[in-house]
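Everything numeric in this text was worked out from a predicted model, so none of it was measured. Naming convention: chains lettered A, B, ... in sequence-line order (proteins, then strands); numbering from 1 in each chain.
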There are 2 protein chains.
Amino acid sequence: MTQEPQNEEKKPRRNAAATRRKILSAAKEEFAQAGFEGARVDRIADRAGVNKNMLYHYFGSKDSLFSKVLDDAYRDIRQNEAALELDHLPAPEAVMALVEFSWDYYLKHPEFIRLLNAENQQKGRHVKSSAETNDINRTHLDRMREILKRGATDGTLRDDIDPVQLNISIAALGFFYLINQHTLSTVYQRDLMSPDELAERLRVMKDTIRCWVVRQH
Amino acid sequence: MTQEPQNEEKKPRRNAAATRRKILSAAKEEFAQAGFEGARVDRIADRAGVNKNMLYHYFGSKDSLFSKVLDDAYRDIRQNEAALELDHLPAPEAVMALVEFSWDYYLKHPEFIRLLNAENQQKGRHVKSSAETNDINRTHLDRMREILKRGATDGTLRDDIDPVQLNISIAALGFFYLINQHTLSTVYQRDLMSPDELAERLRVMKDTIRCWVVRQH
DNA sequence: GAACTAACTAACCAGATAGTTAATTAATTG
DNA sequence: CAATTAATTAACTATCTGGTTAGTTAGTTC
């Protein structure tokens, strides 16, 4: 009894699942902070509190580890997005909800945009070979297509909006602001990350997108 | 006479100005391609066809060299922008001209957006200490402020548009599309860099911004 | 409880990395 | 033309890099 404490979770000295999890979490942080080339395998191991060889044991290489981190990141944002209940909303409000969602998600998960950035610096070579991520994003596009169709039919939205262009613009307005916060804050001499400025940016984004997609009467 | 050819430019074996220029040009390419951490000092020297120590002789360090490259990039885009003759245009058209300019400039100078990206990955630490870049960008903001004031006065533009937000949105819609072209093309399964798609993106950007800034009558 | 498997560790490696040193040589100047 | 200065080179260094090797040890299975 004394050997196995009962009211604490058991701490086996070996735990493959936990080790994998710790590595993935540490890798996400490190890749987001430093980019792919800037990330250091030793630093990931240190952050995870794990021997460096464990990364190679479980993931094979720095590249494969990054691919896994990226896949997980895409899955998480799309799962959260899919959890929104948009079907009962009027089409214009559904679009506004998506603008708000992507902004909130970027703010809550700053590592997401940095990982995407890192991947594009690598010319998207990891994401190209991920069938899963491709599936995930296809349904994401389909959802927007549905909303636009619904809005075009009931006359609330324009009928000539390309869902790809719209998705890109929604992401762009928030993503660019956040990823370039350092140069922008310096150049425009304003703390663009203050709560007031963040709220204002969301207002501008919604205003801009609404104006573009809503049918003018 | 035969020693110094007259109809060719002289090629002195030593040429400080030319060496500096070659280093800066090579550094711009390398930093844009690989980011700050990913860039290799040896590769810059090779590209420039110059001994590595020349970089240290003229620029002191990898960091200072990057700062210089970044400053030059900002100066170039703002100089080109300032050369536009916008005063005689109606305010809405002046805004459209600026949307078109930034898009064309990004396409013509893909290294510019990649350098900005690299700098933000470095948390903007180089640009913070560049007084010149700050000056350059202040006049860039003033120009937009003037256009908005003119448009608000003559009733063609809304009078509640923040020039900072507008500048950011204009940059965002193009910048994001281009910097993330690899993941976006994969995810949406479309070659977003084909001439047709590029033209369509400019159309969407102009449509979006016009709709937001123009006063609805 | 012996045999086996998978988790884990430590020490190591070859090549790369930013930056330095010290000497050489071409242009300039008085 | 001698002295000086600035451009240029090659060789070097200490440290870091992703990845490997070879072994040890904790759980599991039969």
For nucleotides 3-5 of chain D, print each protein N/O atom paired with a nucleotide N/O atom at under 3.5 Å, atom names and distance only.
none

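Note: A:W103 and A:Y177 have perpendicular aromatic rings, judged against thresholds of 30 and 60 degrees for the angle between ring planes. Using a 30° and 60° split on the angle between ring planes, B:F112 and B:Y106 fall in the parallel class, below 30°.
Each salt bridge (Lys or Arg N to Asp or Glu O under 4.0 Å) pair with one or both residues in residues 42-60 of chain B, not counting sequence neighbours, appears once here: B:E29-B:R47, B:E30-B:R43, B:E30-B:R47, B:D42-B:K52.
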Using a cut-off of 4.0 Å between protein heavy atoms and nucleotide atoms, how would you tag nucleotides 15-22 of chain D 5' to 3' with B, S and -?
-> --SBBBBB

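For A:S61, the side-chain contact (heavy atoms from CB on, under 4.5 Å) partners are A:D63, A:S64, not counting sequence neighbours. For A:S185, the side-chain contact (heavy atoms from CB on, under 4.5 Å) partners are A:L192, not counting sequence neighbours. For B:S67, the side-chain contact (heavy atoms from CB on, under 4.5 Å) test picks out B:H126, with sequence neighbours left out.
The nearest whole Å value for the distance from the CZ atom in B:F59 to the P atom in C:dG19 is 14 Å. If you measure from atom CE of A:M54 to atom P of D:dG23, you get 17 Å, rounded to the nearest angstrom.
A sub-4.0 Å separation between OP1 or OP2 of C:dA7 and a side-chain N or O of A:Y58 is present. Between A:H57 and C:dC8 there is no side-chain polar atom (N or O) within less than 4.0 angstrom of OP1 or OP2. Distances shown here put every side-chain N or O of B:T19 at or beyond 4.0 Å from the OP1 or OP2 atom of D:dA7.
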